[in-house]
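For reference, the structure discussed in these notes is given below.
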Amino acid sequence: MKTLELDTIEKAKKQPISTSGSLAVIDALLSENVDTIFGYPGGAIMPIYDALFDFKNKLNHILVRHEQGAIHAAQGYARVSGKTGVVFATSGPGATNLVTGLADALIDSTPLVCITGQVFAHLLGTDAFQETDIINITIPITKWNYQITDAKEIPEILAKAFYLAKTGRPGPVLIDITKNAQLQLFEYIGYRKCIHVRSYRPEPIVRLEYIEKAATLINNAKKPFVIFGQGVLLGNAEKEFQNFIEKAGLPAAWTIMGMSAIPTDHPLGVGMLGMHGNYGPNFLTNECDVLIAVGMRFDDRVTGRLDKYAKQAQIIHLDIDPAEIDKNVKTTVPVWGNCKETLPLLTNLLEQKTHPEWFKEFEIKRERETTFLIEKELNPIEGGLTMGEVINVLNELTNGEAVIVTDVGQHQMVACRYAKQNKTRSNITSGGLGTMGYALPAAIGAKFGAPERQVVAIMGDGGAQMNLQELGTIMQFQPNVKILILNNSFLGMVRQWQELFHEKRYSFTDIQSPNFVQVAKGYNIDGKQISKREELRDGLKEMLDNPSSFLLEVAVLHEDNVFPMVPQGKGVAEIVLSKEEI
């Protein structure tokens, strides 16, 4: 198909013109200020790619090596930039390869617009070549999806897609466009952004009476405790949140997804929550008198056993999604709304306070964790390299300024526990779904989303092999991504559970890996392997200082465990510092 003249888009804004569905797709992207697309072409989406050919100077298309790589890259791009990630894929296997990323993006509230090609409309339901009912497949894992069979629908549906993906609680949207709709000519009157969808309220009405009740509880609290999640970041409310905790002197702990909303060394920050979070904030959740949850969903990895979770506390829950209120934890005072709006209203009603005696309890718990565990993890004097000391040296060399993209497993927990982050949107990880293979493509996307920042992808030897082919994307497009593989020759997190709860029956967790450095060299990416403590600093410095992408493989302890840990089936106050306590 030959695309229409490039100036047709501008002409259409003055008077209706005949244009193709594919060109209308391109106009929608340009009108939504999209600058980067991650995708992989195929037969059913070929007309859109043909239209894209003439807009390569305006739209940067990154050709990945697998569609799962495309959607994870778009996630990384969206998470670090605050924009909506855009993905192209063809029908059938191209579309189904997006499924894991869609599920990941939905549970982690990442705004995406995925455009898939589909077979001709008259072939739908005939089991045509590369036909898959991607709409019914993705209904449970998208915020909204829709199939277009007529080009006239393209402008309105894509406008709605971008609006829904970004507003309210963000999430992924999938638009499936049949090939005939891409080729079809229609009378085009230009693109109009969507500003309203009937029956959809992106932000609930803020109820001032609940703001007042919440303020009263906080002002009267002796042991108030704030736990916050990604909602602070998604609402661009970092400043408002910091003002909130600073005025009332509130200790604040973050979920994995909330990390970097405040600097990790903020004086009111008391660490990370969760199964492998810090000892103090987990334990003291069950001793606070008022628990204020901001932009988080009381995930099971944060709460442990619900019947043992914060039963002594009055609970205030601030969230943009009313469905999250009372879903897992019964709330004393619900505060619906975008925290960028609700936090200042609440802060205005708070008394200026400090809570020195309450903070002392966090300090005592921190000292115990440091003496018993953290110091040994970060500054060991003998034995093999620990994951913690690798992260510790990385902190010193990056000054906490890097974007840290983690895969899933032990290294993820260690990185989230010990990484220093001084800038917002610095922690990119698969939180809710726990998708191995996430880090490498997500780091590529993050680098395109924040080209001025240092991006370090940290992964284990298991996850590294799940999307290793995306080294080809790095080779072709040359984003300067630093790849740090912490290799313990195990599927470490599963092995840890097998050791602790299955009598060391290591069933198929001993994994062999290729020579990662040699693999990287095959993609024209420099690399290095290290295994000794005296090599660590220079190796990390060489990786960071390299003007191009670089892969550093670090051999770490073979059978090391991540502690503290809230064992499965236990309450948060039953957190343990070693396997002997289980």
Side-chain angles (χ1 to χ4, degrees), residues 29 34-42 45 49 52 59-90 94-116 141-142 165 170-174 403-408 425-431 433 435-459 463-483 523 525 549 551:
L29 301 182
V34 172
D35 53 34
T36 305
I37 304 161
F38 303 92
Y40 203 95
I45 200 171
Y49 270 90
L52 180 62
L59 289 168
N60 185 25
H61 180 279
I62 306 304
L63 176 65
V64 295
R65 298 305 184 262
H66 191 287
E67 290 88 356
Q68 186 179 352
I71 194 164
H72 290 329
Q75 288 177 272
Y77 173 92
R79 292 272 294 279
V80 78
S81 69
K83 301 177 183 177
T84 299
V86 177
V87 178
F88 281 177
T90 194
T96 58
N97 282 341
L98 301 180
V99 166
T100 297
L102 288 169
D104 195 294
L106 183 69
I107 200 167
D108 281 351
S109 302
T110 305
L112 302 177
V113 171
C114 299
I115 297 173
T116 55
I141 53 173
T142 52
V173 172
L174 183 138
V403 176
I404 303 297
V405 186
T406 52
D407 212 84
V408 171
R425 295 185 177 273
S426 292
N427 183 52
I428 313 298
T429 195
S430 173
L433 197 64
T435 303
M436 290 178 68
Y438 174 90
L440 184 58
I444 293 170
K447 188 62 180 179
F448 282 106
E452 75 287 355
R453 298 191 65 184
Q454 179 85 273
V455 175
V456 181
I458 304 175
M459 59 197 79
Q465 294 180 73
M466 285 200 169
N467 276 311
L468 193 60
Q469 75 284 340
E470 297 309 325
L471 291 174
T473 306
I474 294 176
M475 176 181 66
Q476 182 170 352
F477 295 94
Q478 299 187 356
N480 188 350
V481 174
K482 308 307 181 185
I483 304 161
Y523 288 99
I525 298 170
S549 291
L551 186 149

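Sequence positions, counted from 1, serve as the residue numbers for this chain. None of the values given here were measured: they were computed from a predicted structure.
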Worksheet entry | Value rounded to 0.5 Å, distance of CD1 in Ile37 from CG in Leu59 | 4.5 Å

Practice prompt. Have a look at Glu67 and tell me which of Asn97, Thr116, Thr100 forms a side chain to side chain donor-acceptor pair (under 3.5 Å) with it.
Written response: Asn97

Worksheet item: So which of Thr435, Asp108, Thr406 actually passes side chain to side chain donor-acceptor pair (under 3.5 Å) with Thr429?
Response: Thr406

Discussion item. Measuring from atom CG of Leu52 to atom CZ of Phe88, what distance do you get when rounded to the nearest 0.5 angstrom?
Written reply: 6.0 Å

Discussion item. Under a 3.5 Å distance rule, please check whether Thr142 uses its side chain to pair with a backbone N or O of Val173 as donor and acceptor.
Written reply: no

Worksheet entry | Least distance between heavy atoms, Ala70 atom then Phe38 atom | O-CB, 3.5 Å

Practice prompt. Taking all heavy atoms of Gly85 and all of Ala78, pick out the closest pair and write down the distance.
Written response: N-CB, 3.8 Å

Worksheet entry | Contacts of Arg65 that satisfy side chain to side chain contact (heavy atoms under 4.5 Å, CB included) - sequence neighbours left out | Leu63, Gln469, Glu470, Thr473, Gln476

Worksheet item: About how many Å separate CD1 of Ile474 and CD1 of Ile525, when rounded to the nearest 0.5 Å?
Response: 4.5 Å

Response to the item:
Note: Cys114 and Leu98 closest approach over all heavy atoms is CB-CD1, 4.3 Å

Worksheet entry | Phe448/Asp35 under side chain to side chain contact (heavy atoms under 4.5 Å, CB included): CA gap, chis, key distance, verdict | CA-CA 10 Å; Phe448 282 106; Asp35 53 34; over 6 Å; no

Fill in: Pairs where residues 445-456 contributes a residue and the test side chain to side chain donor-acceptor pair (under 3.5 Å) is met, not counting sequence neighbours
Ser426-Arg453

Worksheet item: Is Leu551 close to Tyr523 at the side-chain level, that is, under 4.5 Å between some pair of heavy atoms?
Response: no

Worksheet item: Do Asp407 and Met466 have side chains that get closer than 4.5 Å, going by heavy atoms?
Response: no

Fill in: Non-neighbouring partners of Thr90 that pass side chain to side chain contact (heavy atoms under 4.5 Å, CB included), sequence neighbours left out
Ala44, Ile45

Worksheet item: Taking only residues two or more places apart in sequence, or in another chain, which ones meet Asn60 in a side-chain hydrogen bond (donor to acceptor under 3.5 Å, both in side chains)?
Response: none

Worksheet item: side chain to side chain contact (heavy atoms under 4.5 Å, CB included) between Gln75 and Ile428: does it pass, once the steps are laid out?
Response: CA-CA 9 Å; Gln75 288 177 272; Ile428 313 298; over 6 Å; no

Discussion item. Are Val64 and Pro441 packed together at the side-chain level, in the sense that at least one heavy-atom pair is separated by less than 4.5 angstrom?
Written reply: no

Discussion item. Testing the basics here: between Ala89 and Gly94, what is the closest heavy-atom pair and its distance to 0.1 Å?
Written reply: CB-O, 3.6 Å

Item to complete: Could you check Asn467 against Gln465 for side chain to side chain contact (heavy atoms under 4.5 Å, CB included), going step by step and ending with a plain yes or no?
Response: CA-CA 6 Å; Asn467 276 311; Gln465 294 180 73; over 6 Å; no

Worksheet entry | Gap between atom CD1 of Ile444 and atom CG of Leu471 - 0.5 Å precision | 7.5 Å

Worksheet entry | Derivation of the side chain to side chain contact (heavy atoms under 4.5 Å, CB included) call for Tyr77 and Lys83 | CA-CA 8 Å; Tyr77 173 92; Lys83 301 177 183 177; 3.4 Å; yes

Practice prompt. Sequence neighbours left out, what passes ring-ring contact (aromatic ring centres under 6.0 Å, His included) with His61? Give chain and number order.
Written response: Tyr49

Worksheet item: Can you tell me if Arg425 uses its side chain to pair, donor with acceptor, with the backbone of Arg79 under 3.5 Å?
Response: yes

Worksheet item: What is the minimum heavy-atom distance between Ala457 and Val481, and which atoms define it?
Response: CB-CG1, 4.4 Å

Worksheet, complete the sentence: Note: Ile141 and Pro172 closest approach over all heavy atoms is O-CG, 3.7 Å

Discussion item. To the closest 0.5 Å, what do you measure between CG (Asp104) and OG1 (Thr110)?
Written reply: 7.0 Å

Worksheet entry | For Val408, all residues meeting side chain to side chain contact (heavy atoms under 4.5 Å, CB included), sequence neighbours excluded | Gln412, Ser430, Met436

Discussion item. Rounded at 0.5 Å granularity, tell me how far OG1 in Thr36 sits from CG in Leu29.
Written reply: 11.0 Å

Discussion item. Please check this pair: side chain of Ser549 against backbone of Pro479, looking for a donor-acceptor N/O pair closer than 3.5 Å.
Written reply: yes

